[in-house]
Amino acid sequence: MPTDRPKIICHMTSSLDGGLHPSRYTTSPDGTSKDWTALYEQLHDDMDADGWIVGRVTMAEMAKGDPAAAPADATVERPVHIANPAAESYAVTVDRSAKLHFGTGDVGGDHVVVLLGGDVSDAHLAELAASGVSYVVSDGAEIALPAALATLKRDFGIETLLLEGGGGINGTFLAAGLVDELSVVVTPALDGGAGAESIVKFDDGLKGKVTLSLTGCEQLAHGVVHLRYAVAMA
């Protein structure tokens, strides 16, 4: 188990053919998309993690703020700004392009922390701080995920995160050896569409990069099966 970063559990809902988006799933007499989502969210809560982490595209659906000018005399902190030292739960996002804007410092009561590349402008950092958002800035232009995760544990006290991407961010974390467990809520549905997005995507594929070991298989209500796997580097 990791000691210098949070434990990462990739927790996802999937169709039988790996589809990412429940809005595309076939219907079932066993249950509805609403039922399956409720089970997924209940499992999310039961895992009792300190927070969750998603990519920019997923967070953009929840970050409803508009670009705003920070106060002219704003002080910018690098590489870490902790806006809410008393936070008890976290919503973390990876935003390499620094495109996200937040009107508030939380999403559904979870305090927002943004992971950014080192070329982010002071103006954007000042905007985030003025919105009550915390952030971690990497040394280089690309986000150094292992170092950023270590900062989340050391400076924010985050011990466990649920990775709930985007197939892209899920694949990136898996390929980098940053996922410890895979939790999949398999629904009695299919997507089947050509080019349908899957719950995990990595350009070069993951063959030879990770191994999975089954640790749990539980039949739930509404035709759902919950699968859990330990993840290790190949």
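Model, not experiment: these values are computed from the prediction. Computed from heavy atoms alone, side chains included, the values below leave out hydrogens, waters and symmetry copies.
Under a 3.5 Å cut-off, the side chain of S134 and the backbone N or O of A83 do form a donor-acceptor pair. Side chain of D17 to main chain of L190: no donor-acceptor pair is present (N/O by atom type, distance under 3.5 Å, no hydrogens or angles). Here the side chain of N170 pairs no donor or acceptor atom with the backbone of V200 at under 3.5 angstrom. Formation of a donor-acceptor pair under 3.5 Å by the W36 side chain with backbone atoms of H222 is found in this model. Side chain of K209 to backbone of G205: a donor-acceptor contact under 3.5 angstrom is found. Checking side-chain atoms of R154 against main-chain N and O of R5 turns up no donor-acceptor pair under 3.5 Å. With hydrogens and angles disregarded, no donor-acceptor distance shorter than 3.5 Å links the side chain of D4 to the backbone of A150. Under a 3.5 Å cut-off, the side chain of Y90 and the backbone N or O of I53 do not form any donor-acceptor pair. Between the S131 side chain and the G105 main chain, no donor and acceptor come within less than 3.5 Å of each other. Without hydrogens or angle criteria, S28 side chain to D30 main chain gives a donor-acceptor distance under 3.5 Å.
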Should L174 and T172 be marked as a side-chain contact (heavy atoms from CB on, under 4.5 Å) after you check the CA-CA gap, both sets of side-chain angles, and the distance that decides it? CA-CA 6 Å; L174 282 160; T172 296; over 6 Å; no
Intermediate values then yes/no, side-chain contact (heavy atoms from CB on, under 4.5 Å), V225 and L227: CA-CA 6 Å; V225 176; L227 300 175; 3.8 Å; yes
Verdict with reasoning, L145 to L178, per side-chain contact (heavy atoms from CB on, under 4.5 Å): CA-CA 9 Å; L145 287 174; L178 298 173; 3.7 Å; yes
Evaluate side-chain contact (heavy atoms from CB on, under 4.5 Å) for V113 paired with Y135, printing each intermediate quantity in order. CA-CA 5 Å; V113 184; Y135 58 76; 5.7 Å; no
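Using a 4.5 Å cut-off on side-chain heavy atoms (C-beta onward), L115 and T151 make no contact. A heavy-atom distance below 4.5 Å is not found between the side chains of R96 and R56. At a threshold of 4.5 Å between non-hydrogen side-chain atoms, the residues H226 and L43 count as touching. The shortest side-chain heavy-atom distance between V136 and F156 falls under the 4.5 Å cut-off. Under the 4.5 Å side-chain criterion, counting only non-hydrogen atoms from C-beta, K64 is not in contact with F102. Side-chain contact check for M47 versus T160: every heavy-atom pair is 4.5 Å or farther apart.
The pair D180-K7 fails the salt-bridge criterion, with no side-chain N (NZ, NE, NH1 or NH2) lying under 4.0 Å from an Asp/Glu carboxylate O. Salt-bridge check for R78 with D122: passed, with a basic side-chain N closer than 4.0 Å to an acidic carboxylate O.
No side-chain donor-acceptor contact under 3.5 Å links D95 and T93. Checked by atom type, the side-chain pair D191/S15 shows no donor-acceptor distance below 3.5 Å. Between the side chains of H111 and S89, no donor-acceptor pair of N or O atoms lies under 3.5 Å.
Between Y40 and H11, the ring planes are parallel. Angles under 30° get that label, and only those over 60° would be called perpendicular. Ring geometry for H124 versus H101: interplanar angle over 60°, hence perpendicular rather than tilted (30 to 60°).
With hydrophobic clusters built from ILVMFWY side chains whose heavy atoms lie under 4.5 angstrom apart, V184 shares a cluster with L163.
Once rounded to the nearest 0.5 Å, the distance linking CD1 of I169 with OG1 of T58 reads 7.5 Å.
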